[in-house]
A.B. asks: 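Questions regarding the structure given below will be posed in turn.
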Amino acid sequence: MSKRSSSLERARNQEVTLEILPSNAYQSFRCFMHDYPTHGARYCVHVEYEIHLIRKGSGHYKIGEKIGKFKAGQVSIIGSRVPHDWVSDLRKNQIIRDRDVVIQFSREWLEKASQTIPEISDFELLLDQAQRAIIFHGKCSEEAQEILDSIALFSGIEQVMKLMEVLLIMSRAPEDEREYVLEDPYQSESGPTARLVAEKGVSYIFKNIDKKIRLADAAKISFMSESQFSRIFKEASGLNFSEMIRKLRIEHGCKLLGSTELSIATISRECGFTNLSNFNRQFLREMGITPREFRVLNQKQKVDLLKIVFGHKNQLLQQAKINTYMDMHSQQVAEYMTKIDTKQSRQD
């Protein structure tokens with residue numbers, strides 16, 4: 001039998017990274033299944049609350065600084081900014097297909113919904129308690145598992161209703177069916193600083209995508225030393241500064257390949273690469289295919305590949321683009337907002 005890697009050892013040795021989740025104007029929350037191991041399965045922290053079902057396998061979880069065992073069927077809810085990961089015992093080269101069901105949602109979304117549906121405020125206590133992270137047992141765990149096992153098959157309002165059912169089951173779970181992982185509600189030591197630093201860094205890259213980009217300049221813009229900027233940028237994005245430069249240059253290359261008829265050599269220069277061979281090599285490393293192969297994909301294939309490769313970094317990039325546009329068009333934006341305010345005043 002192949003040697004099994006130690007899930008306990010791997011759980012202990014992980015360093016937390018901040019995960020910035022992509023927003024979707026057509027969905028209130030994220031719901032998906034994923035394999036293990038996969039890039040997104042890591043010891044991470046995000047603003048959103050997370051409901052988690054382990055469908056297969058066993059191993060060790062790390063929540064906050066607490067490490068414990070898990071097995072198939074475990075249902076849990078993790079609070080906002082509480083670091084977490086589930087590390088499975090694996091044979092060599094083993095992949096556990098569809099190991100997890102994950103739901104991620106913001107408290108802000110539920111609070112807004114409660115303004116028109118006051119009954120939703122019944123979940124507020126559960127969300128407060130989730131800052132200690134809760135693993136459910138017994139009947140409530142079985143009921144929640146049954147819904148979570150199939151929730152990804154639903155869409156639209158049906159999926160929203162399924163989530164509400166799960167939250168209701170969890171909120172009504174008796175104390176003897178709850179296991180609080182942390183003794184006290186988890187308090188994150190990091191504030192908005194890391195996110196702001198990351199956005200400034202990405203904005204600087206985006207504005208200079210076709211030029212030489214220097215860590216010293218990015219640190220200066222953020223009023224930090226290079227070492228301090230590097231540390232906080234890595235905390236916020238999960239990537240070091242040079243990795244982010246490469247990713248955003250390749251992302252920009254993908255955009256040009258899909259929206260222009262420029263030659264690949266020209267696109268290479270537009271993305272800040274000094275020679276075509278380096279661009280081709282870095283593109284293949286990041287995307288898994290060559291620029292020429294990417295260009296002939298249909299639109300859906302391009303979108304799906306970009307989502308897989310860039311994932312949660314996209315929201316950070318979009319926010320940087322918004323900030324850049326606001327900086328470059330501040331006068332027009334101010335005039336537009338004045339018109340809106342005037343129009344609203346007339347309506348009032």
Side-chain angles (χ1 to χ4, degrees), residues 17 19-27 30 32-42 93 95 97-98 198-215 217-218 230 233-234 236-325 328:
T17 59
E19 186 174 17
I20 301 169
L21 303 179
S23 57
N24 187 329
Y26 302 100
Q27 289 182 306
R30 300 180 76 222
F32 57 95
M33 299 171 66
H34 70 72
D35 302 339
Y36 185 87
T38 189
H39 176 71
R42 55 184 178 152
N93 299 324
I95 296 176
R97 301 296 181 189
D98 295 332
E199 286 182 4
K200 283 189 175 184
V202 174
S203 294
Y204 166 70
I205 298 171
F206 179 67
K207 290 176 184 177
N208 298 278
I209 200 75
D210 61 339
K211 303 180 182 70
K212 188 173 179 65
I213 296 173
R214 297 178 176 85
L215 173 62
D217 292 338
S230 295
F233 187 89
K234 177 68 180 288
S237 69
L239 298 171
N240 64 44
F241 192 62
S242 62
E243 289 173 329
M244 183 63 85
I245 292 171
R246 187 186 73 249
K247 281 185 176 288
L248 297 192
R249 281 181 164 160
I250 296 301
E251 193 268 355
H252 186 56
C254 291
K255 179 181 177 182
L256 295 178
L257 286 165
S259 62
T260 75
E261 295 183 1
L262 293 173
S263 70
I264 293 176
T266 300
I267 289 173
S268 169
R269 292 192 296 272
E270 290 289 324
C271 296
F273 289 90
T274 55
N275 63 73
L276 178 59
S277 61
N278 187 34
F279 174 66
N280 286 331
R281 183 169 58 253
Q282 296 297 334
F283 194 99
L284 178 61
R285 172 185 172 185
E286 196 68 43
M287 304 301 296
I289 58 176
T290 66
R292 193 177 303 279
E293 290 170 332
F294 180 85
R295 176 164 256 172
V296 299
L297 295 177
N298 64 43
Q299 187 62 22
K300 184 179 185 304
Q301 289 172 325
K302 289 174 182 173
V303 170
D304 289 345
L305 181 57
L306 285 167
K307 186 176 180 181
I308 291 170
V309 174
F310 294 106
H312 64 279
K313 306 300 183 297
N314 280 344
Q315 189 184 36
L316 195 62
L317 177 59
Q318 294 307 318
Q319 186 60 51
K321 290 179 178 178
I322 291 169
N323 293 345
T324 302
Y325 181 87
M328 295 172 62

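In this text, all values refer to a predicted model and were calculated from it rather than measured experimentally.
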A.B. asks: Identify the heavy atoms of T38 and H34 that sit nearest to each other, and give their distance.
C.D. replies: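 Heavy atoms only, the tightest pair is CG2-ND1, 3.7 Å.
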A.B. asks: When rounded to the nearest 0.5 angstrom, what is the spacing between CD1 in I245 and NZ in K212?
C.D. replies: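 These two atoms lie 9.5 Å from each other.
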A.B. asks: Work out which heavy atom in K247 is nearest to a heavy atom in E286; give both atom names and the distance.
C.D. replies: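 Closest approach of K247 to E286: NZ-OE2, 2.6 Å.
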A.B. asks: Can you pull out every ring-ring contact (aromatic ring centres under 6.0 Å, His included) where at least one residue sits in residues 239-268? Sequence neighbours excluded, please.
C.D. replies: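 Found F229-F241, F233-F241.
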A.B. asks: Please check this pair: side chain of N208 against backbone of K211, looking for a donor-acceptor N/O pair closer than 3.5 Å.
C.D. replies: no
A.B. asks: May I ask you to test the F283-L257 pair for a side-chain heavy-atom distance under 4.5 Å?
C.D. replies: yes
A.B. asks: Restricting to side chain to side chain donor-acceptor pair (under 3.5 Å), what partner residues turn up for D217, sequence neighbours left out?
C.D. replies: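 So D217 forms a side chain to side chain donor-acceptor pair (under 3.5 Å) with Y204.
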A.B. asks: Hey, could you give me the CZ/OG1 distance between R281 and T290, rounded to the nearest 0.5 Å?
C.D. replies: 14.0 Å
A.B. asks: What distance do E251 atom CD and C271 atom SG have between them, rounded to the nearest 0.5 Å?
C.D. replies: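 Between atom CD of E251 and atom SG of C271 there are 9.5 Å.
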A.B. asks: Exactly one of L276, N278, L284 should register a side-chain contact (heavy atoms from CB on, under 4.5 Å) with N280. Which one does?
C.D. replies: L276
A.B. asks: I need the S242 OG to I205 CD1 distance, nearest 0.5 Å.
C.D. replies: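 With rounding to 0.5 Å, OG (S242) is 9.5 Å from CD1 (I205).
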A.B. asks: By salt bridge (Lys or Arg N to Asp or Glu O under 4.0 Å), which residues pair with R97, not counting sequence neighbours?
C.D. replies: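 For R97, the residues satisfying salt bridge (Lys or Arg N to Asp or Glu O under 4.0 Å) (neighbours in sequence not counted) are D35.
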A.B. asks: Does the side chain of R249 come within less than 4.5 Å of Q282's, by heavy atoms?
C.D. replies: no
A.B. asks: Once side chain to side chain donor-acceptor pair (under 3.5 Å) is applied, do any residues pair with S263, and if so which ones, sequence neighbours excluded?
C.D. replies: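 Only T266 meet the side chain to side chain donor-acceptor pair (under 3.5 Å) criterion with S263.
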A.B. asks: Would you please name every residue forming a side chain to side chain donor-acceptor pair (under 3.5 Å) with T260, sequence neighbours left out?
C.D. replies: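 For T260, no residue satisfies side chain to side chain donor-acceptor pair (under 3.5 Å) once neighbours in sequence are set aside.
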A.B. asks: Calculate, to the nearest 0.5 Å, the distance between atoms CG and CG belonging to L215 and N240 respectively.
C.D. replies: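 L215 atom CG to N240 atom CG measures 9.5 Å (nearest 0.5 Å).
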A.B. asks: Residues two or more places apart in sequence or in another chain: which of them pass side chain to side chain donor-acceptor pair (under 3.5 Å) with N93?
C.D. replies: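 Partners of N93 under the side chain to side chain donor-acceptor pair (under 3.5 Å) test: none.
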A.B. asks: Can you list the residues that meet the salt bridge (Lys or Arg N to Asp or Glu O under 4.0 Å) rule with K300, with sequence neighbours excluded?
C.D. replies: D304
A.B. asks: Calculate, to the nearest 0.5 Å, the distance between atoms OG and CG belonging to S268 and L256 respectively.
C.D. replies: 11.0 Å
A.B. asks: Can you sort out the partners of Q299 under side chain to side chain contact (heavy atoms under 4.5 Å, CB included), two or more places apart, ordered by chain and number?
C.D. replies: K302, V303
